[in-house]
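Reviewing the structure listed below.
A, B, ... follow the sequence lines: proteins, then strands. Residue 1 opens every chain.
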Number of protein chains: 4
Amino acid sequence: MLFTSDNWSGIHPTVLEAMMTANIGNAPAYGADDVTARAIGLLRDIFEQDITVGFVATGTAANALALACMTPPWGAILAHKNSHINVDECGATEFYTAGAKIIPLEGQHGKLTPDIVRDAMKFFTPQQPHRVVPKVLSLTQGTECGTVYSADEIGALCDTAKSFGLKVHLDGARFSNACARGKASAAAMTARAGVDVLTFGGTKNGCLAAEAIIFFDQQCGEQLAVRQRRAGHVFSKYRFLSAQWLGFLQNDLWLRLAKISNTQADRLSKSLAASGVCTLVHPTEINEVFVTMPDDLVSTLKEQGATFYDWIQPGDPYKGKLRRFVTSYMTTDDQVTEFSAALRDYINR
Amino acid sequence: MLFTSDNWSGIHPTVLEAMMTANIGNAPAYGADDVTARAIGLLRDIFEQDITVGFVATGTAANALALACMTPPWGAILAHKNSHINVDECGATEFYTAGAKIIPLEGQHGKLTPDIVRDAMKFFTPQQPHRVVPKVLSLTQGTECGTVYSADEIGALCDTAKSFGLKVHLDGARFSNACARGKASAAAMTARAGVDVLTFGGTKNGCLAAEAIIFFDQQCGEQLAVRQRRAGHVFSKYRFLSAQWLGFLQNDLWLRLAKISNTQADRLSKSLAASGVCTLVHPTEINEVFVTMPDDLVSTLKEQGATFYDWIQPGDPYKGKLRRFVTSYMTTDDQVTEFSAALRDYINR
Amino acid sequence: MLFTSDNWSGIHPTVLEAMMTANIGNAPAYGADDVTARAIGLLRDIFEQDITVGFVATGTAANALALACMTPPWGAILAHKNSHINVDECGATEFYTAGAKIIPLEGQHGKLTPDIVRDAMKFFTPQQPHRVVPKVLSLTQGTECGTVYSADEIGALCDTAKSFGLKVHLDGARFSNACARGKASAAAMTARAGVDVLTFGGTKNGCLAAEAIIFFDQQCGEQLAVRQRRAGHVFSKYRFLSAQWLGFLQNDLWLRLAKISNTQADRLSKSLAASGVCTLVHPTEINEVFVTMPDDLVSTLKEQGATFYDWIQPGDPYKGKLRRFVTSYMTTDDQVTEFSAALRDYINR
Amino acid sequence: MLFTSDNWSGIHPTVLEAMMTANIGNAPAYGADDVTARAIGLLRDIFEQDITVGFVATGTAANALALACMTPPWGAILAHKNSHINVDECGATEFYTAGAKIIPLEGQHGKLTPDIVRDAMKFFTPQQPHRVVPKVLSLTQGTECGTVYSADEIGALCDTAKSFGLKVHLDGARFSNACARGKASAAAMTARAGVDVLTFGGTKNGCLAAEAIIFFDQQCGEQLAVRQRRAGHVFSKYRFLSAQWLGFLQNDLWLRLAKISNTQADRLSKSLAASGVCTLVHPTEINEVFVTMPDDLVSTLKEQGATFYDWIQPGDPYKGKLRRFVTSYMTTDDQVTEFSAALRDYINR
């Protein structure tokens, strides 16, 4: 009953196989190899347009490098206060941008709206030379609250952003899960909606370490190569980053794996909601479930071998009662069934 | 009827005279002169303890250099969301600290309390390696809302900060005005209350460009000299920064000038409150007055020659209706009297 | 006849196997797994003392993170002018240290000596507050010229460094090759000689992406974890970095592979020197060979399928005539034999 | 017999008077005042073209802000190894540019030539993605060796720089002295020669703290305002920076004062050269004299009250024997005459 994090999962056999295939013989270093070209080709097909791409090993690197290409040091990045870039990357954005400022915004269920963006922009009038200059709107898809924006919602946010001259970044650490939910295609939720830069995560969903920085706005991507190198984020044996993407994207593996984790999260979520003693604080739309539950239920479940995290959001709105459950492509039917049984036992105790 | 900013005022004749006295002959560069030693001596007397001091020309430089000595790049600085470092220094703190993060906190009338600090700290548990690490509590005295902390309030905040291992920074751009209010002595509100570093502003209150960075925690001040130099904030003819402090501190000029601006702000504040059509949104405790007023009153007053700023706080809580009035040591009785008359005329129109 | 770079080689089967073993089941993220603990244990055995260790994917990241822990932004790093940190990491050291300065020094065959260090230090007298402050001596073992320091040479350099209060960094991108040369043990050339921090490279010598940052001075290593995270250099599935080290270090695979590449470089070097038309500009002590050769020989060899790089050192001392040949553990006897034959054909043409 | 530094001199009465005139009444803050507009107008006249200007208090700030507008963090700045930005600003350039790299070049008497630049550029071929990217050529006029470039020499260097896509920065801390030497006009040595950005120093030559950053390439200057503010280098009472320039530029005061210090340096230089026991190591073309002299002469002169600095250049080419003498507009005929007498006494002892 492992519900700690999708980061605890291993490499999917298909991804591993693609890496082994890429391992035959010598190959040019730093991305000048065939595997890399093919992986980028697959991404181009998925997003239905020309793109500039960099592959790195961590989501933090992907987000921070992307944002550093999007804002000068004196820029501001509007983002949800719960966003990973704001609270869980140890200041990587500030480091990579040489000091740009994240403006934390409130929004229900981890989502922003055009009105929230417009209200935030009131503070940044052009007559205020003392202030940082808003340059980027950063969204997360699926959000840090386990919810998913529709393509229309993203489109409306992009329109609002552009009316203020802001570029749009989409943190897609769990983008596969958002796509697997089936609200819209990957292209419809990004490039076609007006997103400028996507960081697309493969690591949590079956890869070893595979995060793609994808610039739909290719002018904005011109600095990527030099920033990536200067940060020590260019693998010399780059083909092994790229090979993961080959395995991950071919035959829709990425969507199939995400569907597994989404489905298990759905089951878990229903079970928790049906218990009558837990409260779902956000809708479950990807592979994360957020609930408040009685303290003795927490200890009972843990005693029986369930693992999951206490979760504190900024400002601690749930006063220490919030718990997070995460499923992965390795989560089995049995694990969720066992968990549901433990939950029923508690209720019927 | 000039109420735009105390930054519009000139150099007080006594300060100018001190500079002219310092101008006689050649003198060692970079602070190795007698005038500098004497100015530091005066500060030591006022704060009643040994200190490490640097003189710079702007409040932004003073705050940013102070904070850079207090936090590593991965540190967090807890501060009121309206604080000057958070909203009006164009990201200087982020620049000087190489990317430290300001955590904006809510608090009535620009003031923080121990409870607010304790609540904010809940998010930063030691088990969270993904997060920036809180290192500093930054307070402002007088605050950006024109209010003043008592020495006891500062002491309680310092105690709370220290219980979490945070150092305390006090932004004293209008510290003279806070002291002139007479709640406590300069030493009682800083070193004796537990403040580690004070930035003490002279510019707004009669100097040309005189801001002192004062380390009560002298170990923390060891980096100041090299940071100041590396930032290009060491005047070669340092004696002319120091001379301003001689003129400013001798014979309590700093307190006498601050009393003038405080008194004129009091008169202005009473007049606005008595009008019945304006609402004071914060108590007037230093030389700033914050009110909401009808739009046609704003235009009427401006037509009659009054100058003051539209004021937007983060989140725009007063929906575009807030106005700020600032007095200086150069504000005359006549200016306030004329303003009160214009206000009366409007009411009786 | 591939002599471009050891970065073109693949993953050694033993290393790959260790990764596959680590892939069984879920495991704690971010390094809290068993594989990581075991890999660190192996390094501790090799270096015969307690160490603080971080695993990252690139040598640039390893060097830059190490140096950022060793110097403040206003520090200076003394290094050979040909050093990788000075010329081939796109300013990563400057980025990670927030602007520390590399002082490029001249030295024969890529090596520094105590005299060179002492001469350089003359410029940095304590009375000079306008200057950056030397904090680190950075050496490379094996050097960028393909040479190897003896343990005594490193010891003497460490003594000199310490007499000036400098810490010592050792860039070990090809440390395996230096060790395989057999002059001294890994521990004797580092911790016992006085080195404070070693970056030990596995990537060029059979790993996928495996670089270890090893602090012998553990106080200096206290910042490593937070800097690594903030830079996006903490793999969530950390076990796959660690597993490479298990495979690499067990049964001396690292030394056995390095011996292969050293041996092939020796054969190549002898063949080039014996040709009578090429000049070895540096002794061949690891897996790199530096020669000047006639232009028509270059084109003849390339036509016959040999690949190698034109090489320009800072200042271009060989006026465009320098060529670099690199062997790897995948270089075969046949490749070198074929190359030697092509060389003989040219001479006898 | 004060020959330590022109930084020891005071404020010229005419400059002080201009500041006092500017002190009458209140005035808009942050440079929106009339005095500032007039000062910029005077500079425009001198340089005979439209310019973007910022006034700051120190030469270090001026150079570092200028260079930060000229290069990205991954850029390289080619400069003489003795240049102030390379050795005497405590890494300010690295700080302000977020880690750009200064490439130190050798050149006789502190001067660079087109050949030196071309040789340095050989290392930076476009095929080298591992290297920082040269973006700026930085020259100093008058140089750190007390010499002066002709307008033609600067023009040729600018042409060479531009052929490589480099912008040209001119550090003019002693630009007045170079102009006063009469080789060419201020405009001819800068804008007309192809210089993009000049930092023009007033502090050493009669001002309190007056350094102008002047962009002839105005597109390049677009970032200046926000960088200046973010660095805390925008005086709130900006009029007092600008007023110094009014006093300094009107009626050619800047040239008249520089002629005084140049003339005294000429006298000093001749006297030292004629002594037969000292060697001028650089020609004396501005207000600095560099000589080697016997140790006992040094102590004899110091005993008689002469003050001057031991001077170490990078690499210490004069093995601890170099001494620097600097004159200022406050240096009197008598001081030099007294020094010459002391020198004669030593010879005839």
Side-chain angles (χ1 to χ4, degrees), chain B residues 2 4-13 16 19-20 22-30 33 56-65 89-96 98 203-204 207-209 211 225-241 307 328 330-331, chain D residues 2 4-13 16 19-20 22-30 33 56-65 89-96 98 203-204 207-209 211 225-241 307 328 330-331:
Chain B
L2 179 85
T4 48
S5 173
D6 34 8
N7 280 326
W8 291 43
S9 66
I11 312 168
H12 189 273
L16 193 55
M19 296 177 71
M20 290 169 74
N23 193 33
I24 298 168
N26 287 277
Y30 301 117
D33 62 282
V56 293
T58 75
T60 295
N63 282 332
L65 283 165
E89 300 187 350
C90 205
T93 294
E94 290 83 354
F95 173 43
Y96 275 82
T203 312
K204 293 175 193 288
C207 293
L208 189 173
E211 307 287 320
V226 70
R227 286 191 181 273
Q228 190 176 343
R229 187 169 295 274
R230 179 174 175 75
H233 276 297
V234 179
F235 274 41
S236 53
K237 300 183 177 177
Y238 208 86
R239 54 174 151 160
F240 297 111
L241 285 176
T307 55
S328 84
M330 287 176 70
T331 303
Chain D
L2 178 84
T4 49
S5 174
D6 34 7
N7 280 326
W8 291 42
S9 65
I11 312 168
H12 189 273
L16 193 55
M19 295 177 72
M20 291 169 72
N23 193 31
I24 299 167
N26 287 278
Y30 300 118
D33 61 282
V56 294
T58 75
T60 295
N63 282 331
L65 283 166
E89 300 187 351
C90 204
T93 294
E94 289 83 353
F95 173 42
Y96 275 82
T203 311
K204 294 175 192 288
C207 293
L208 189 173
E211 307 287 320
V226 71
R227 287 190 180 274
Q228 190 175 343
R229 186 169 296 274
R230 179 174 176 76
H233 277 297
V234 179
F235 275 42
S236 54
K237 300 184 177 176
Y238 207 87
R239 55 175 150 161
F240 297 111
L241 285 176
T307 54
S328 82
M330 287 176 71
T331 304

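Using cut-offs of 30° and 60° for the angle between ring planes, the His233(D) and His233(B) rings count as parallel.
In terms of heavy-atom pairs under 4.5 angstrom with chain B, the leader among Pro13(D), Gly91(D), Ala64(D) is Gly91(D). For the set Ala29(D), Cys207(D), Pro28(D), the count of heavy-atom pairs under 4.5 angstrom toward chain B peaks at Pro28(D).
If you measure heavy-atom distances from Tyr238(B) to chain D, you find no contacts under 4.5 Å at all. When heavy atoms are compared at a cutoff of 4.5 Å, Ile11(B) approaches chain D by way of both its backbone and its side chain. In this structure, chain D has no heavy atom under 4.5 Å from any part of Val56(B). Both the backbone and the side chain of Thr203(B) come within less than 4.5 Å of a heavy atom of chain D. Both the backbone and the side chain of Ala231(B) come within less than 4.5 Å of a heavy atom in chain D. Heavy atoms of Leu16(B) lying under 4.5 Å from chain D belong exclusively to its side chain. If you measure heavy-atom distances from Thr4(B) to chain D, you find no contacts under 4.5 Å at all.
No side-chain donor-acceptor contact under 3.5 Å links Asn63(B) and Tyr96(B).
For the pair Arg239(B) (side chain) and Ala22(B) (backbone), a donor-acceptor distance under 3.5 Å is present.
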